[in-house]
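The chain is numbered in sequence order, starting from 1. Since this is a predicted model, take the numbers as computed values, not measurements.
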Amino acid sequence: MAKKKEKDWFKLKRYPHIGLPLQNSDRIKWIENYVTNPSKIAKHSFLPFIHRTSKVRKFRKEYSKDNGKVILTGDKALRKRAIKERELYYASHLDSLIYSYYSQLISVEYEKLLKQYNLDESILAYRSIPKEKKSIDGPNKCNIDFANDVFKYIKDYNEDEFVVIAFDIKSFFDNLDHKVLREIWAKIFNVSALSKAHFNVFKGITRFSYVDIVDIFEEFKDKILIQKRDFQGNLMPIRKARISKIKHLKNKDAIAFCTQKEFLKVKNKLLKNTKKAKLANGAVVKRNFGIPQGSPISSVLANAYMIDFDKTINEYISNKGIYRRYSDDMVVVCPKVEKDNIIKLMNLEIDKIKLEIQEPKTQIFHFKRENNSLICGQEFRKEINWNKNFMYLGFEFDGSSVLLKSASVSTYYRKMKRTIKRSKHFAGIKKSNTYEEIFKRRILNRYSYKGADRKRKWEWDVSVQGYVKSEHYDWGNFLSYSNKAANTMISNKIKQQTSKSWNKLIKELKK
């Protein structure tokens with residue numbers, strides 16, 4: 001079995017960027033002589049990030065804001081198409097190491113503050129929170145455990161009538177104020193001003209420039225640096241090759257778009273900066289807010305940014321309910337009489353750190369006990385709809401049973417059908433290399449119980465010239481996740497939601 005890495009933050013990646021990836025053989029060189037050397041980092045020049053936009057298509061029913069009922073067009077539900085975009089940024093390989101190291105330094109001090117402020121159980125995302133009992137799924141909690149803890153608390157809450165309020169922060173990473181962030185950064189280390197090294201890292205993550213992945217690909221697509229492995233798993237010499245499409249970068253073993261020297265020759269054509277920002281009203285302002293989402297340090301900075309807000313809300317609610325925050329998603333369980341006070345306090349405190357709560361996404365769920373059972377309903381403008389379930393971290397809770405979010409199950413079936421349809425399409429093309437081949441094994445691994453078991457990965461070990469069991473596991477598929485949730489959650493009906501998945505899969509294959 002492979003040995004655990006000595007330092008969690010030292011994670012070498014091989015995604016294509018500006019300049020070649022770092023080598024594991026240079027570990028000591030980069031750790032001792034550069035990354036952990038404050039005098040080096042104080043003078044370090046950060047390379048531009050590479051930016052790409054992640055798009056997720058959504059197709060959802062429209063509901064009335066007055067009563068939460070489905071809006072109909074004739075006898076059918078009105079559905080709205082939407083595309084959710086996330087702007088992601090990737091740091092160069094050396095920059096990524098620096099951000100990872102400083103992220104670890106901040107995390108250590110941030111964890112101390114969480115304990116001091118009794119926030120250990122309130123802040124959930126981007127942290128390692130150990131389970132009471134270790135399992136094959138890992139020693140730390142995940143969103144399944146976090147959701148289950150909240151549902152259990154609701155079920156055992158000692159009030160006959162109470163509310164659960166869900167809040168969402170508007171454009172969380174994009175709106176972090178730089179001045180506030182710098183003050184919080186210094187507060188975490190209990191200093192009045194950041195050291196030169198920390199300040200340079202702060203500048204790197206706030207005054208960053210970037211190049212769009214489409215632009216840099218188009219510029220260098222005829223001479224992208226690739227490095228393949230031979231049949232024994234050994235790396236072969238680096239060479240340049242043409243790659244026709246961005247989506248083929250991974251399959252073609254691309255390791256860099258260009259060298260740093262090649263980039264400098266064309267940087268004025270590719271470079272984009274973030275010194276100014278265009279607001280929704282069209283006004284152009286100096287950009288003194290926002291950090292790139294996707295860098296190794298962004299998540300811990302976003303968490304730390306909220307420390308004073310988290311402390312205030314948790315202190316207010318701690319003796320009468322609970323407060324939980326998972327990144328920009330917040331939930332409060334409290335007595336019914338505290339509803340307006342909580343909403344007012346949340347808006348007041350979020351304003352102090354120059355963020356905004358999305359009012360349209362604030363949801364109020366009412367729970368009450370009737371005939372020895374707990375029922376749930378959602379508050380709308382004119383009434384409470386008692387047919388609505390509380391949704392949290394991908395799950396639904398009606399007061400007695402837990403379900404997977406219905407949209408997640410629908411997406412699973414939709415992807416299954418689309419994959420099979422595409423496979424049949426390509427199998428029907430006579431000139432195709434896959435003529436009359438549907439690749440059933442691949443489909444079964446993706447969408448059935450046959451690919452749901454968690455398997456340990458085997459990785460090539462140069463020292464023994466053979467494959468050895470690693471500490472990494474295949475994630476499995478959607479059924480792996482649903483089975484884990486079914487085995488974790490309090491009284492749930494999750495297995496009923498996927499019980500017909502095999503029959504549906506076989507039916508699609510036979511069509």
Side-chain angles (χ1 to χ4, degrees), residues 13-18 48-63 77-92 96 125-126 143 168-176 205 208-221 224 243-252 254 257 270-274 277-280 282 287 289-296 298-299 302 326-329 356 358 360-361 391 393-394 404-423 425-426 446-447 475 477-478 481:
K13 307 287 186 180
R14 286 183 65 82
Y15 54 74
H17 209 284
I18 300 164
F49 285 84
I50 286 181
H51 161 265
R52 75 174 179 88
T53 303
S54 170
K55 296 181 180 180
V56 179
R57 291 184 178 85
K58 295 183 180 290
F59 191 54
R60 292 179 173 173
K61 295 177 183 177
E62 284 284 280
Y63 296 91
L78 176 64
R79 293 179 180 270
K80 183 179 179 181
R81 292 178 182 270
I83 296 177
K84 184 177 181 180
E85 295 185 348
R86 289 177 65 209
E87 307 302 328
L88 301 175
Y89 298 83
Y90 302 92
S92 72
S96 181
Y126 317 127
N143 70 306
D168 185 87
I169 301 172
K170 185 178 180 180
S171 302
F172 189 28
F173 288 84
D174 294 337
N175 286 324
L176 300 184
I205 205 68
F208 63 95
S209 58
Y210 67 93
V211 295
D212 195 88
I213 191 169
V214 174
D215 295 338
I216 196 169
F217 175 79
E218 286 297 322
E219 181 68 30
F220 294 102
K221 65 181 179 182
I224 286 177
I243 297 178
S244 59
K245 295 182 180 180
I246 290 177
K247 65 180 181 180
H248 296 154
L249 285 169
K250 186 175 181 180
N251 290 338
K252 297 290 185 180
F257 290 104
L270 301 176
L271 206 59
K272 297 179 182 180
N273 64 49
T274 54
K278 192 173 183 178
L279 302 179
R287 191 175 186 98
F289 54 88
I291 62 173
Q293 190 169 355
S295 83
S298 296
S299 56
Y326 190 97
S327 189
D328 56 350
D329 291 325
E356 183 182 346
Q358 295 194 67
K361 287 193 175 182
M391 288 188 285
L393 300 184
L404 290 168
K405 196 174 176 180
S406 56
S408 301
V409 181
S410 298
T411 300
Y412 160 65
Y413 285 125
R414 188 167 59 250
K415 285 183 177 179
M416 175 202 293
K417 291 179 181 180
R418 187 171 64 214
T419 301
I420 295 171
K421 186 178 179 180
R422 280 174 58 86
S423 183
H425 167 74
F426 287 112
R446 255 182 159 182
Y447 298 105
W475 184 84
N477 57 30
F478 180 77
Y481 178 78

State, yes or no, whether a side-chain contact exists between N175 and I169 at a heavy-atom distance under 4.5 Å. no
Partners meeting salt bridge (Lys or Arg N to Asp or Glu O under 4.0 Å) with K250 (sequence neighbours left out): none
Test of understanding: with side chain to side chain contact (heavy atoms under 4.5 Å, CB included), list the residues that count as partners of K55, not counting sequence neighbours. T53, I83, E85
For K252, what residues pass the side chain to side chain contact (heavy atoms under 4.5 Å, CB included) criterion, not counting sequence neighbours? I243, H248
Quick one: list whatever passes salt bridge (Lys or Arg N to Asp or Glu O under 4.0 Å) with E218, sequence neighbours left out. K221
For Y90, enumerate each residue passing the side chain to side chain contact (heavy atoms under 4.5 Å, CB included) test, keeping only those at least two apart in sequence or located in another chain. Y15, H17, R52, L88
Would the distance check show the side chain of T419 and the main-chain N or O of K415 forming a donor-acceptor pair, the cut-off being under 3.5 Å? yes
Is there a donor-acceptor contact under 3.5 Å from the side chain of D215 to the main chain of L270? no
The side chain to side chain contact (heavy atoms under 4.5 Å, CB included) partners of Q358 (sequence neighbours excluded) come to D168, K170, P360, K361
Kindly assign one of parallel, tilted or perpendicular to the pair Y326 and Y126, based on the angle between their ring planes and the thresholds 30° and 60°. tilted
No-hydrogen, no-angle side-chain donor-acceptor test under 3.5 Å, Y89 and S295: no
Given 3.5 Å as the limit, does a donor-acceptor pair link the side chain of S298 with the main chain of P292, or not? yes
